[in-house]
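Here's the structure, in structure tokens; my notes come after.
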Amino acid sequence: MIGQVVVDGVTNGAMIGLGAIGLTLTYSLLRFANFAHGEFITWGAYLALLLTGALGTVLGGAPIGDLTFGWTLLAALALAMALTGALAVALDTLLFRRLRRQGTEIALVIASFGASLALRSAVEFIFSLQPLYYSHDIAMAVRLAPGMQATEDQLVLFGVALVLMLGMHLLMRHTALGRAMRAASENPLLARLVGIDVAAVVRGTWYLGGALAAAAGVFLGATVQLRPTMGFDLLLPLFAAAVLGGIGSVPGAMAGGLIIGLAEAAAVPLAGAQYRAAVSFLVLLAVLLLRPAGLFGKAD
Amino acid sequence: MSLLRTQALVAGYEPGLPIVRDVSLSVEAREIVVLLGPNGAGKSTLIKAVAGLVPYVSGEVWLRDESITGVPAHRLVRRGLAFVPQNENVFAGLTVGENLSLAAAVLPRPRRAAQVRAMEDLFPDLGRARSQRAGRLSGGQRQMLAIARALVVAPDMLVLDEPSAGLAPVLVDLVMAKLRQIRDGGVAVVLVEQNARAALAVADRAVIMVEGRVAHEGAGASLLDDPVVAQLYLGGRRQQA
């Protein structure tokens with residue numbers, strides 16, 4: 001049982017980690033909690049659904065090996081990431097940037113609630129409330145070890161999630177954009193004085209955050225289903241992961257996602273599936289009370 | 001031609017509430033100019049406006065023969081004007097080396113390493129603390145890093161907001177000696193200072209501001225000995241050089 005908890009927790013945690021990276025970066029850079037971030041997950045998943053239909057005519061829809069999806073979904077994933085990144089930048093440009101100029105922090109948070117509702121309602125209007133699927137094929141589980149099994153879909157997508165997280169970590173550590181993001185997040189005024197275009201860094205952060213959220217949405221859609229509330233339902237685990245890892249820390253968001261994923265998976269056999277969501281809330285409360293800076297954060 | 005010129009500059013944080021009022025001044029190459037005056041005189045606002053951090057209401061600013069009026073702060077550093085704020089003037093979460101490399105990134109790639117090495121030569125303590133987080137440096141080391149961070153881009157002009165604030169007297173003297181060394185190296189220096197005695201000792205020229213305007217201007221050393229200036233603007237008593 002423990003082995004299966006680990007498999008379920010780690011695969012789910014990778015999705016949470018991907019989504020939490022964007023949340024923690026925008027929180028750290030702009031100092032506000034974006035409650036619309038979950039909708040980037042939803043939009044990414046549904047955009048990929050649209051794109052698989054469009055690309056299917058070009059690439060064909062044949063699955064790869066024993067997977068339930070083929071190259072079409074992977075190509076759609078890349079395009080959905082690009083488009084969702086652009087959606088995040090557009091949302092910032094049209095809404096949040098204007099409010100930042102007015103300097104009202106609470107207005108940003110409330111606006112993000114409004115944006116979340118609007119984006120979710122748009123998905124409901126376009127795609128209906130019915131669950132949708134990338135594929136109706138049944139994913140067969142493979143045995144990894146005694147008491148541990150996972151579908152090949154889960155394993156492949158987990159591998160892609162790890163590559164994306166590692167790529168993001170390397171980008172933050174070893175590229176000019178990453179250094180600029182770290183610098184602007186720590187001290188935006190000083191960042192300007194060393195020649196960093198902070199407005200461009202903000203756009204880059206929204207773009208990357210939106211793109212990674214879209215990836216989380218596609219992975220969730222491929223392994224479970226697509227629903228208009230799929231991103232909103234993931235919001236609490238995302239916040240818990242970001243706070244647990246330490247606001248602004250990419251490795252922290254990844255580690256936080258894995259821990260939250262494992263804790264949720266452990267809650268199912270221990271307390272029942274209905275309490276799964278409560279675990280994130282408990283972890284969030286515990287971190288805020290005991291270690292507000294999180295695992296990788298720096299205490300003020 | 002002056003290195004920096006402001007012409008009838010009016011600037012402030014809020015529309016309709018100018019803090020800097022009609023300031024025209026010039027700074028020559030290889031010159032240290034200190035801005036003095038009581039709190040609220042507009043000294044810091046003036047240099048922040050020049051550095052692109054405070055919006056202008058009206059007026060013009062030129063660096064060499066180019067207008068830099070309205071040029072955003074992140075572009076001014078490429079034009080040769082580097083600014084050191086009073087507080088939070090280093091990236092505390094980055095190492096000393098990362099602070100310098102980050103600032104040097106505006107230079108052409110082949111020049112970056114040489115410029116960082118030049119700063120480590122100018123400030124040997126920083127070379128020894130290259131891998132240390134800037135947040136763990138002492139106050140004096142942090143101020144040196146802030147100055148080195150600004151100088152690493154080889155600017156023509158270095159502008160500092162109260163570089164001696166919070167430092168022990170021995171470190172204040174060290175900072176002022178470094179500023180003189182920087183000036184001798186060919187960089188013009190403009191600084192706002194509350195520590196008038198220390199600043200006037202190294203300044204070629206001093207500008208005294210009162211209520212947002214230039215009230216008095218003269219050679220640094222001469223102001224130290226001017227009893228009227230000392231009485232009115234330098235703390236109510238004659239400064240001891």
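Residue numbers start from 1 in every chain, and the chains themselves are labelled A, B, ... in the order their sequence lines are given, proteins ahead of strands. Heavy-atom basis, side chains included; hydrogens, waters and symmetry copies ignored.
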Does B:Arg183 have any salt bridge (charged side-chain N to carboxylate O under 4.0 Å, His left out) partners at least two apart in sequence or in another chain, and if so, which?
-> B:Asp204
For A:Ala176, is it the side chain, the backbone, both, or neither that has a heavy atom closer than 4.5 Å to a heavy atom of chain B?
-> neither
More than 12 non-hydrogen atoms from neighbouring residues, nucleotides or ligands closer than 6.0 Å to CZ on B:Arg64, yes or no?
-> yes
Around A:Phe281, counting heavy atoms of other residues, nucleotides and ligands shown, do more than 12 lie under 6.0 Å from its CZ?
-> no
Can you tell me if CZ on A:Phe158 sees more than 12 non-hydrogen neighbours from other groups inside 6.0 Å?
-> yes
Inspect the surroundings of OH in A:Tyr27 and state if more than 12 heavy atoms from other residues, nucleotides or ligands are less than 6.0 Å away.
-> no
What is the distance from atom CD of B:Glu98 to atom CZ of A:Arg182, rounded to the nearest 0.5 Å?
-> 5.0 Å
Below 4.5 Å from any heavy atom of chain A, which atoms of B:Ala92 appear? Answer side chain, backbone, both or neither.
-> both
Does anything in residues 189-211 of chain A get under 4.5 Å of chain B by heavy atoms, and if so which residues?
-> A:Leu189, A:Leu190, A:Ala191, A:Arg192, A:Leu193, A:Val194, A:Gly195, A:Ile196, A:Asp197
Toward chain A, the part of B:Arg78 with a non-hydrogen atom under 4.5 Å = side chain
Give, for atom CZ of A:Arg179 and atom CG of B:Leu94, the distance between the pair rounded to the nearest 0.5 Å.
-> 10.0 Å
What part of B:Ala105 gets closer than 4.5 Å to chain A, counting heavy atoms only: side chain, backbone, both or neither?
-> neither
Looking only at B:Val152, B:Asn89, B:Leu76, the option with the highest number of non-hydrogen pairs under 4.5 Å against chain A is B:Asn89
